[in-house]
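Structure record follows, encoded as structure tokens.
So you know, we letter chains A, B, ... as the sequences are listed, proteins then strands, and number each from 1. What you are looking at is a predicted structure, and each value in this text was computed from that prediction instead of being measured. Just the heavy atoms: all of them, side chains too, but no hydrogens, waters or symmetry mates, feed the values below.
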Amino acid sequence: MSVTIEQVAAVDVARVTGSIDGKTAPGVGTALQPLLDGTRNIVIDLSDVDYVSSAGLRLLLVAYRKVQATSRRIVLAGVSVNIMQVMSHTGFLPFFVLVPDAAAALIALAEAPS
Amino acid sequence: MMEARIDVYATHEFGGYRFRHGKVLPFGATLVDGGVNFSVFSSAATSCALVLFEKGSGEPLVELDVPPEFRIGDVYSIMVFDLEIEDLEYGFRFDGPFEPHRGPRFDRNRIVADPYARAMGGRDTWRSEPDWSNGDAYVHRSRVVLDDFDWEGDRPLELRTTDLIVYELHVRGFTADPSSGVSAPGTYAGLREKIPYLKALGINCVELLPIFEFDEWENSRSHPATGEWLGNYWGYSTLGFFAPKAGYAATGSLAMDVDELKTLIKELHANGIEIILDVVFNHTAEGDHRGPTISFRGIDNATYYMLTPEGWYYNFSGCGNTFNCNNPVVRGLVVDCLRYWASEYHIDGFRFDLASILGRDPHGAPLANPPLLESLAYDPILSKCKLIAEAWDAGGLYQVGSFPAYGRWAEWNGKFRDNVRRFLKGEPGVIGDMAARVQGSPDLYADRGPGTSINFITAHDGFTLADLFAYNEKHNDANGEDNRDGSNDNDSWNCGTEGSTDDPGILALRLRLTKNAIAMLMFSQGIPMLVMGDEFGRTQNGNNNGYCHDSELSWVNWALAEKNAELLNFTRGCVALRQAVPMLRSPHFPNALGGDDRDADIDFVGTSGTGQDWAGWNTVLAYRLTERGREEGVPGDEMMVMFNMHWGDQYFGLQPPAGGGGWHVLVNTAMPAGGDVFRRLDAPAVEGPSFLAGPRSVVVLIAGFGS
């Protein structure tokens, strides 16, 4: 698992690689913390994530809510079909905004909030 | 922020694992700051060890002997820090005497599951073939769960009991067939995709066959002739009372079964549908003295099971052992379990399999005032839950009408099933009983009300409704027991030929009898229960004991919804009419003293319109229901219900409705599609002072509305 962070325009993009599970979720959380504490909108790019466990979904949801609580926006990009299906079965899907990839995420965040 | 607690630190360390004395309550494994608290009861053990595994691994991570000073009373508790819980599985190793004649059956060579395990591994993918090579392996492993599901304001619906229309279903069988068209067949997620169907059907409560963790491979075998897999498909054999059946979750192998089940419940509730669980506390999957040691037997055999003075297992369940429900410790487990499901899963009610066992003392004698039943009836957390008893057991106790109810317990009304079946096929001698059944069985539940009576004609156990009118005899050869299993008393009728036929006359008669059955269910006082697929003619080819089949035989074939659309539309129509006529759902019996202005009064008027002929040979019953009126000047509903179970036509004299407006036809099962059921506002008017009902038909009229 690794997390790389870059700033694109006024948006923080966090690209996660590997699996987000009980073992790796704390590390992902630590890496995301500066973004959650920051002021910009956030894209979490999961294009290179093959598996998100129960703990991983909870980490993403907690991050999501922290950002929303500060009137910022956050989107998930590049979620695989398998992960999306798991998110659907377990009820996590409706909480998130999903877009196909990071480029689409930047466009989505550039638009006025609905 | 400073740590708020001063006791969250380890006092002991072994093999790199840090731990301390835990909290004795709650039992089971609970997440605490920085660790997991484990607590387990055994009154007879001499020592206890906590064994931790990484998911799926044969070798433990560590085995932590619980230090003697960690025991308080008979409870061993240990708090272990820095565990990664997602891949954690655990169990206990107890030491103690093996003296079956006295009770204890400890086996320190085995690891046993936590009786309070919130989840269990080992069978997390349905019918995934187990590794049989090591018979002593620890298979059904306890797991720790995250209990932070976001319910977004959901809670149990608390629908009025008499407003329920129950739909009994098997989670796997409901969508396992490819014809279901769902993305995850045979799972909680698959059932969730069918919620729009259930809503369109009009039911407002699903009752799920057991979803506590069980082993579908228990007693599994191949059919001697066909080689077909036979196993424990129904699931009436519990491994863990706090754990959901992981193999019913599409995400079970990912250990997300808890979230998937809660998501299903949340969405059922959002659609106005309650959820009742069929719970099996009468026995466990450990069987008799020849059975496996999985949990209870190896922890405290004499506490958890009813034993003879010689230490054998009493068998009031017919399944080898009997759970010792009125032992105070076991009673506590049952109460804790139901509280957990009601509060943590938002379950709306429970149906207790072979519930009469719950009223027996530790020696098997029926109790006048069973502590467990009383505890459940008065429990503060379960106070709005529906409690439904299958009021008999396999030890000969039959308590329909006399189950210790404390004003709370409802019953599966076996007499409704038996009387209605005989009436439907035209047997004489049942109209007196039928008069009580249509009123919610005041003869059985005089001081309790029609909400006590779960009315059903079919259930998972027995013929499907279609088979009830297609077979005189059971046909259970596919079960591999030479047709010896299953009930011989079915009160069924094949209508002229045994099994499938293309004779249009027989098919028409079967369809009509099926509609008659649906109408009797939906227009009787009490709580109707349908079985999955009966609304569109599901068949099990005459098999009345489908417990072992995980195949087309036991699954719902959704293609029948189209093929038998006439029956499905009729059922939908009758369900909608029940919802549209409040007096059918009154919590008080007809003619009740006092009561409410939406209660019904009933007059049995017979074919003359003025008085019922109660002669024993008579197979025709007609009555008039009159709602007591709603407010000044607004008349209540009036209905005429006519059951002509005779093979000939029958004229019924009609007295005009008291409120005027004439009679209109809601239901006439002698008519083909389009004329068999109407919405209230479309109901056609009846001409003349009488009504000609066709052979073996049900007619329901309503006053005042219609065209």
Side-chain angles (χ1 to χ4, degrees), chain A residues 1-3 16 18-33 36-37 44 46 48-70 74-76 79-98, chain B residues 31 34 36 54-55 61 82-89 118-119 124 143-152 154 171 175 182-193 195 244 246 248-270 345-346:
Chain A
M1 184 280 300
S2 69
V3 183
V16 187
S19 298
I20 313 180
D21 56 26
K23 288 191 179 65
T24 60
V28 176
T30 306
L32 292 179
Q33 196 59 48
L36 304 183
D37 294 338
I44 301 181
L46 302 172
D48 294 324
V49 170
D50 51 7
Y51 175 61
V52 182
S53 78
S54 182
L57 291 173
R58 283 173 162 77
L59 172 93
L60 292 175
L61 186 55
V62 169
Y64 213 87
R65 294 212 160 130
K66 278 184 180 159
V67 172
Q68 286 178 321
T70 57
I74 177 170
V75 298
L76 304 184
V79 179
S80 75
V81 172
N82 283 345
I83 293 174
M84 214 183 296
Q85 193 142 45
V86 169
M87 292 173 75
S88 169
H89 293 335
T90 52
F92 281 89
L93 195 56
F95 292 122
F96 296 98
V97 172
L98 272 63
Chain B
L31 294 180
V36 181
E54 183 160 15
K55 185 180 176 184
L61 292 165
D82 304 321
L83 294 175
E84 201 282 282
I85 66 152
E86 207 161 63
D87 287 327
L88 184 73
E89 294 175 329
R118 267 69 160 179
D124 53 24
R143 279 174 29 212
V144 183
V145 301
L146 297 164
D147 56 3
D148 58 348
F149 185 77
D150 188 351
W151 286 98
E152 296 184 287
D154 176 75
V171 171
T175 64
V182 301
S183 67
T187 66
Y188 302 122
L191 171 52
R192 185 158 66 100
E193 289 181 45
I195 290 175
Y248 282 170
T251 59
S253 62
L254 308 177
M256 292 195 227
D257 39 320
V258 171
D259 282 333
E260 186 175 323
L261 175 55
K262 288 177 176 176
T263 299
L264 164 64
I265 294 165
K266 184 170 150 185
E267 190 149 325
L268 283 166
H269 282 171
Y345 283 86
H346 295 192

Side chain / backbone / both / neither for [X] at chain A, heavy atoms under 4.5 Å:
X	answer
B:Glu152	side chain
B:Glu86	side chain
B:Phe149	both
B:Lys266	side chain

| request: Given side-chain contact (heavy atoms from CB on, under 4.5 Å), test A:Arg65 with B:Asp150 step by step and report yes or no. | output: CA-CA 12 Å; A:Arg65 294 212 160 130; B:Asp150 188 351; 2.6 Å; yes
| query | Charged N to carboxylate O under 4.0 angstrom, A:Arg58 versus B:Asp259? | reply |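 Looking at B:Asp259 together with A:Arg58, the answer is yes, because their closest N to O distance falls below 4.0 Å.
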| request: Determine the minimum heavy-atom distance between B:Ala250 and A:His89, stating which atoms define it. | output: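 Nearest heavy atoms, B:Ala250 then A:His89: CB-CD2, 3.5 Å.
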| field | Verdict with supporting geometry, A:Ser88 and B:Arg192, side-chain contact (heavy atoms from CB on, under 4.5 Å) | value | CA-CA 11 Å; A:Ser88 169; B:Arg192 185 158 66 100; 3.8 Å; yes
| query | OG of A:Ser54 to CD1 of B:Ile85: how many Å apart, nearest 0.5 Å? | reply |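 Output value for this atom pair is 8.0 Å.
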| query | Taking atom OG1 of A:Thr90 and atom CG of B:Leu254, what is their separation to the nearest 0.5 Å? | reply |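 Rounded to the nearest 0.5 Å, the OG1-CG separation comes to 9.0 Å.
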| task | Below 4.5 Å from any heavy atom of chain B, which atoms of A:Val62 appear? Answer side chain, backbone, both or neither. | result |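 Nothing of A:Val62, per the 4.5 Å heavy-atom cut-off to chain B.
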| Proximal component of A:Leu61, with respect to chain B [non-hydrogen, under 4.5 Å] |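 Contact with chain B involves no heavy atom of A:Leu61 at all.
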| query | Under the side-chain contact (heavy atoms from CB on, under 4.5 Å) criterion, do A:Lys23 and B:Asp87 qualify, and how do the steps go? | reply | CA-CA 9 Å; A:Lys23 288 191 179 65; B:Asp87 287 327; 3.3 Å; yes
